[in-house]
Amino acid sequence: MLELLLIIVALAGLVWVMRREAGALPALGVLAVLGLIGVVFGAVTAGILLWLGAAAVAACGLPTLRRRWLTPRLFAAFDKAAPKVSETERTALEAGSVAWDGELFSGRPQWQRLLDFRNAGLSEEERAFVDHQCSVAAGMCNAWEIARERADLPPELWEYLKREGFFGMIIPKRYGGLEFSAKAQSAVLQKLAVNETLMVTVGVPNSLGPGELLLKYGTEEQKNHYLPRLADGREIPCFGLTGPRAGSDATSLPDVGIVCRGQHNGQEVLGLKLTFEKRWITLAPIATVVGLAFRMFDPDGLLGDTSDLGITCALIPRDTPGMDIGRRHHPIGSPFMNGPIRGKDVFIPLEWIIGGPDMAGQGWRMLVECLSVGRCITLPSGASGIGRYAVGWAGGFTRIRRQFNLPVADMEGVQEPLARIAAHAYIAQAAVMQTANTIDHGVKPAVPSAILKSQLTEFQRSMLADAMDVHGGRTVTLGPRNYLGIAYSANPVSITVEGANIMTRNLMIFGQGAIRCHPYVLDELAAKDDNDLAAFDKAIFGHAGMVFGNAARAFTQGLGIGKSRVPFDEVAAPYAQEVSRLASAFGLCADAAMASLGSGLKKREMLSARLGDVLSNLYLASMLIKQWHESESVEHEAALMHYSCRTLLYRAEQAFMELFDNLPNRALAMTLSAVALPLGRRWHKPQDRFTRDIARAISTDSALRHKLTADTWNTQEAGQRDNPLARYNALLADSERAEPLYRRIAKAYSQGELPAEALHPEQRVEAAWEAGLIEEDDAIFMRRFEREVLDMLSVDDFAFDAFATDKDRVVWHTT
Ligand SMILES: Cc1cc2nc3c(=O)[nH]c(=O)nc-3n(C[C@H](O)[C@H](O)[C@H](O)COP(=O)(O)OP(=O)(O)OC[C@H]3O[C@@H](n4cnc5c(N)ncnc54)[C@H](O)[C@@H]3O)c2cc1C
């Protein structure tokens, strides 16, 4: 009996030590002491077994012993198995910094570290800009006019954007820019997302491109010349990386710059002869200055011994002889400025290299470093912004659209997509604003930028599709009244640019995270490259402690034992505990996958994607929990919080399940499944009661609807374009009065109290008033209400030949 008891206590003690990653010494102590107790009190077999265990722990765990025999062997094995990291990959891995993503990777996230990124909100100046300038800009847009009639923004809008400094949000004030925080940039883009052409046009110059590259790497002369001109729109920039032969694999670009002598301003200078072909370059057709990435060669050794200097970025004015620029591509749905740029033997002086000749060959590093911030802001903000409008439009339309005598918003089939839209919008808002907040604290989030870009643009795809579905034919029919259809058709742009989503999900998130965010892998690789045994020993045994720790935490917490302590209220705390538990499971599985597949994991993209999905969902859930913690919740928001967290945890567990189903080493897969999720999956799709609650809230004049649609263009000023969101808001404010009147009239009609031929709602209102069923002021109210409803339900029609660009080829059929 004592023997069994000792073994059980020893196991419990070891798990306790492992959970805390307390190291070999406490484990040794537990085994030695229990062994002694066994030997002294007659449980000799157990005592000896425990001492043998203690000896094994000492040999493998105590640094002085293990360094003699174990570490060199592990080093040799690691050297063989570790993936080769190419120069391009190393640059990508070293770019940016690690914050909450690293906490998740450790398997033991310290929530206080996340809360330490305090959110001070927007400054007064930023708030005023979002409230005023963004409303004015949005109020100049009509999607149909921009997409189909002009294929451009209106000239007065271009003028306004330049005058108010929209293109200089990231440029410091000393150069004439707005110098906005990342949060403010995001808030601006979210509001401008009412029109995708407007959002892209403002987003791109403030994202990866000449402005950001100059700020970080430009020479003083380049900054002084260009930044003030970029800030006030005298210069319009574009950045050309992509070409017909180099898309996702951008470093394979075949565009070249050959060092040579040439004429510049009447003098012979050292420079570059550029030959290039770029395509899909945003703003290129109207750009005045082109940022260009090319491979730089010095075959005649004019600069030194190196012939292949590598990828380099230069700034080239539009009117440089040999540049072929100005033609347009036609991006699907949205006519933002986008086109090809070509050049043959275009001579530029070396001074036009961004950062000057010293930065020759540093182009890829520069681009990747800038990408970590820009990619967190532009497209994720666009997605979050579209989400706000999707909530407003879909909630509004489904309340006023009545079928079968009911608002369609009250039908469960419609409530499902409505709740999904709300949850996606809610998660996106939290993720984008909280990540922007970390940027304002100095973080350069490389892995979160890939998570946000791919996950939130996928949310955008889902929100737009759901919003289209619940609108029925209303938004299928294009024309000036359609506020949604063009945004829907433009969605693939967001999916594809700044790292196409398939590649980002399958390759980047886990591939980059596994090395960049992992607490030990980068140190192990560095120790291997430096042949540093002591550093390797420290990293690899720290790593081993983490693996045991993650296994112990995931297993015990999976059984409901020893939940982690989290600083949240009763709504958020259970979800935070689950994020912690699944982070331990994730850490364990990530290490197991890397150890079992080695460099082969790079090619097993479907496995990498699932690990990336776990990380992504845990990251998004964490942002949501922080947002909840920091903001005042409103009525029905708890339902949305439950729905959203459950969805994310469900998705994380789903990714685990698919990983276990597909890991090639089946024994490992089963062991991982038993340790990481010992009781199987815990999370299921959110319950219908949440769905009903959320759908009702976003389709009525509720506090939750107002919160989700905050910071949108929701006013209707004189002279502005028609604002459907403002009109829906006004209708919803009235619908509480309208609803009982509808019910009374419908009941009277069904009971035969109104004439059978009163088929139109308007006729029934008149009939009800005449029959004395409703008061006169109710009749007046309903006449106005119905007029507005009908107008919002109406769609456009056009002349028979309106869409034919070649009128001569129109067949009139009836003539
Ligand atoms: C409207 C628009 C605007 C743009 N603006 C600019 C700009 O201003 N400047 C600029 O330089 N570029 C710009 N681009 C280019 C854009 O960044 C590229 O389109 C993008 O990088 C993807 O390249 P690709 O389209 O050639 O796709 P491809 O590289 O041909 O990829 C095709 C598919 O294969 C997938 N794929 C590729 N490699 C992998 C992998 N290893 N693992 C898994 N899947 C993979 C991709 O995800 C994609 O789904 C723009 C593109 C568009 C369409």
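Both ligands and their constituent atoms are indexed starting at 1 by order of listing.
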Residue pairs passing the salt bridge (charged side-chain N to carboxylate O under 4.0 Å, His left out) test where at least one lies in residues 368-381, sequence neighbours excluded: Arg365-Glu369
Nitrogen or oxygen atoms of Thr282 and ligand 1 under 3.5 Å apart: yes
For ligand 1, the portion of Leu507 having any non-hydrogen atom under 4.0 Å away: side chain
Region of Asn338 that comes within reach of ligand 1 [heavy atoms, distance under 4.0 Å]: side chain
Centroid-centroid under 6.0 Å between Tyr483 and Tyr389 rings: no
Return yes if a side-chain donor-acceptor contact under 3.5 Å exists between [X] and [Y], otherwise no.
X: His518; Y: Asp591; answer: yes
X: Thr282; Y: Asn338; answer: yes
X: Gln190; Y: Ser186; answer: yes

Top protein contact for [atom], by heavy-atom distance:
atom: atom 9 (N) of ligand 1; value: Phe239 O, 2.9 Å
atom: atom 42 (N) of ligand 1; value: Glu605 OE2, 2.8 Å
atom: atom 50 (C) of ligand 1; value: Trp280 O, 3.3 Å
atom: atom 15 (C) of ligand 1; value: Thr242 OG1, 3.1 Å
atom: atom 2 (C) of ligand 1; value: Val497 CG1, 3.4 Å
atom: atom 26 (O) of ligand 1; value: Gly247 CA, 3.3 Å
atom: atom 30 (O) of ligand 1; value: Ser248 OG, 5.0 Å
atom: atom 36 (N) of ligand 1; value: Met503 CB, 4.0 Å

Donor-acceptor contact below 3.5 Å, side chain Glu277 vs main chain Asp255: no
Atom 33 (C) of ligand 1 protein-contacted, heavy-atom criterion under 4.0 angstrom: no
Under-4.0 Å protein heavy-atom contact, atom 28 (P) of ligand 1: yes
For [X], counting its heavy atoms only, list the atoms of ligand 1 lying under 4.0 Å from any of them.
X: Leu241; result: 10 (C), 11 (O)
X: Ile281; result: 7 (C), 8 (O), 9 (N), 10 (C), 11 (O)
X: Phe336; result: 1 (C)

Charged N-O contact under 4.0 Å between Arg295 and Asp308: yes
Sequence-distant partners of Ser494, side-chain contact (heavy atoms from CB on, under 4.5 Å), two or more places apart: Leu379, Thr457, Gln460
Pair Trp713-Cys141, side chain to side chain contact (heavy atoms under 4.5 Å, CB included): steps then yes or no: CA-CA 11 Å; Trp713 175 47; Cys141 290; over 6 Å; no
Heavy-atom side-chain proximity of Arg651 to Asp613 below 4.5 angstrom: no
